[in-house]
2 protein chains.
Amino acid sequence: MARTTGSDGERTEAAVREAAVNLIARYGYEAMSMRQLAAEVGVQAAALYRYFPTKEDLLFTLMREHMEGLRAAWQHARPIDADPAEQLAAYVRNHIAFHIERRHATHVSNMELRSLSPDRLTQILRLRTAYEKELRTILREGAEAAIFSIEDTGLTAMALIQMMTGVIVWFRQGERLSVTEVTATYLSMTMRLVGARMDTYSAARPLDLQRTL
Amino acid sequence: MARTTGSDGERTEAAVREAAVNLIARYGYEAMSMRQLAAEVGVQAAALYRYFPTKEDLLFTLMREHMEGLRAAWQHARPIDADPAEQLAAYVRNHIAFHIERRHATHVSNMELRSLSPDRLTQILRLRTAYEKELRTILREGAEAAIFSIEDTGLTAMALIQMMTGVIVWFRQGERLSVTEVTATYLSMTMRLVGARMDTYSAARPLDLQRTL
DNA sequence: GCGATAATAAAACGAACGTTCAATTAATTC
DNA sequence: GAATTAATTGAACGTTCGTTTTATTATCGC
């Protein structure tokens, strides 16, 4: 046997990506074998090498596209000419929505960094740092405008990102809380954490969000 | 050659544990080979099996002792008959101090859970849940006493733990910030996040901490 | 419908893996 | 100082790994 009836390169590659994200998220990059991945796709292991020259190339591609997707989502969601508080709110909403929607890909991008070669690791970290820098900028501008009360901008940014990304560890769709509720609560926690002036965010805003989201 | 001069079981086992924590933290459990571990210790791979029957037993031992150490540290550090705010402060201080001191072991316990067999995974998660439950209790009691202002106790507990544990991702001893400074900032962020009454924590307390820590 | 090309299968490669076993030597006990 | 026990080596086992090679079939352009 060789080429199978109905086979299609694009479809196969997409299936490989999706299966890889799920398998790596579940078992880890090292623990996932190329044969296991091939079986999940319904193909022989050798066929994978038509789309990705090595296993690490596959991992790198998944990570890079995830990070680029995150930046793109934020570029699209960011409000222009908004005050820091509104920008921060948009950042939180976008971050949580993006990560809940791509739980598995996030797991891969966060946990498998050590499996990348040094220069590829650098590339991914560069993307991540650029994204995080945007949060630091918002926090700094808010602090300078005396809208936020922040002791250390860099430290606060890291704390916020860890807190928000952590949602994917425990959050499951269809359980006790909806995405909207979780986002609203995280928004008010964020605003209190940065000492935002208007405590409107902890009371009034969550209702507003029903429409915004 | 066989037994080497000066060889000592206890010393070797301790060396294996330490090397294993470092190697697993750096390369991951699956990526670390028993031969690599043995070489780090200065011994042949077969010698490892005198101390740990399988590779997974080694991983499980490291994790269990880490989690038990965490609970023990908290049992020792927890204040009795203190108000919720002081208890929460003690929890934050203990959590950050413990995790910064054992960065590598924490990485292992958090990232390699998927390499455990189902029932061992359950055991570790049970320990972790018990530890997290103590934070939820503090938060609930503080909320009931109207000392804290919390929308969702469980969600807030998870957010706080993710935020605090995240310190190990970026914090390095001897760089810009000291452990004391980081802890003080995280304490004030925590107190604001839970809406603690006395904003003494965000201003006055950090100075107090120099003595407390 | 025929040639070119895209997509896959099947088999094989050497290397590395976790683990076991028998042999051997150091330390301890009596 | 002989017997016992503790600690380790070195070699080997079968398995699985990522990857390569070669052959074969489906699809598409003309």
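As a basis for the values below, the full set of heavy atoms in this structure was taken, side chains included, without hydrogen atoms, waters or symmetry mates. Labels below follow one simple rule: chain letters A, B, ... track the order of the sequence lines, proteins then strands, and each chain is numbered from 1.
- Separating the CD atom of A:E13 from the P atom of C:dA7 is a distance of 10 Å, rounded to the nearest angstrom.
- Summarising the geometry of B:A20 relative to B:L58, their closest heavy-atom pair is CB-CD2, 4.0 Å, with the distance given to 0.1 Å.
- Neither OP1 nor OP2 of C:dT8 sits under 4.0 Å from any side-chain N or O of A:Q44.
- Atom P of nucleotide D:dT19 and atom CG of A:L58 are separated by 10 Å, given to the nearest angstrom.
- A close approach under 4.0 Å does not occur between any side-chain nitrogen or oxygen of A:Y51 and OP1 or OP2 of C:dA7.
- Looking at residues two or more places apart in sequence or on another chain, you find no salt bridge (Lys or Arg N to Asp or Glu O under 4.0 Å) involving A:R26.
- In the region residues 108-124 of chain A, proximity to DNA chain D at under 4.0 angstrom, judged on heavy atoms, holds for none of the residues.
- Here the P atom of nucleotide C:dA7 and the CG atom of A:L48 are 14 Å apart, to the nearest Å.
- Distance from the side chain of B:R50 is smallest to D:dT8 among D:dT20, D:dT8, C:dA6.
- Atom CD of B:Q36 and atom P of C:dT19 are 15 Å apart (whole Å).
- Note on ring orientation: taking the six-membered ring where Trp is involved, the planes of B:W74 and B:Y91 are perpendicular (angle over 60°, cut-offs 30° and 60°).
- The side chain to side chain contact (heavy atoms under 4.5 Å, CB included) check on A:L121 picks up A:L113, A:L116, A:L125, with sequence neighbours excluded.
- With sequence neighbours left out, the side chain to side chain contact (heavy atoms under 4.5 Å, CB included) criterion links A:M32 to A:L23, A:I24, A:Q36, A:L37, A:K55.
- Of the two residues contacting DNA chain C, namely A:V43 and B:Y49, the nearest-nucleotide position lying further toward the 5' end is that of A:V43.
- Nearest to the side-chain atoms of A:A47 among the listed nucleotides C:dA9, D:dT9, D:dA6 stands C:dA9.
- If you take CD of A:E56 and P of D:dG18, they are 13 Å apart, rounded to a whole angstrom.
- In this pair, B:Y131 and B:H95 present their aromatic rings parallel. The plane angle is below 30°, not in the 30 to 60° band.
- Inter-residue side-chain proximity for B:D57 and B:Y51 is flagged as unmet; no heavy-atom pair is nearer than 4.5 Å.
- Between B:T12 and the phosphate of D:dA7, there is no side-chain N or O to OP1/OP2 separation shorter than 4.0 Å.
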Please step through side chain to side chain donor-acceptor pair (under 3.5 Å) for the pair A:E56 and A:S115, ending with a clear verdict.
-> CA-CA 8 Å; A:E56 198 205 314; A:S115 295; over 6 Å; no
Any N/O pairs under 3.5 Å between the protein and nucleotides 12-16 of chain D? List them or say none.
from: D:dA12; atom 1: N6; to: B:R35; atom 2: NH2; distance (Å): 3.4

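- A search for ring pair (Phe, Tyr, Trp, His ring centres under 6.0 Å) contacts involving A:H107 returns nothing, not counting sequence neighbours.
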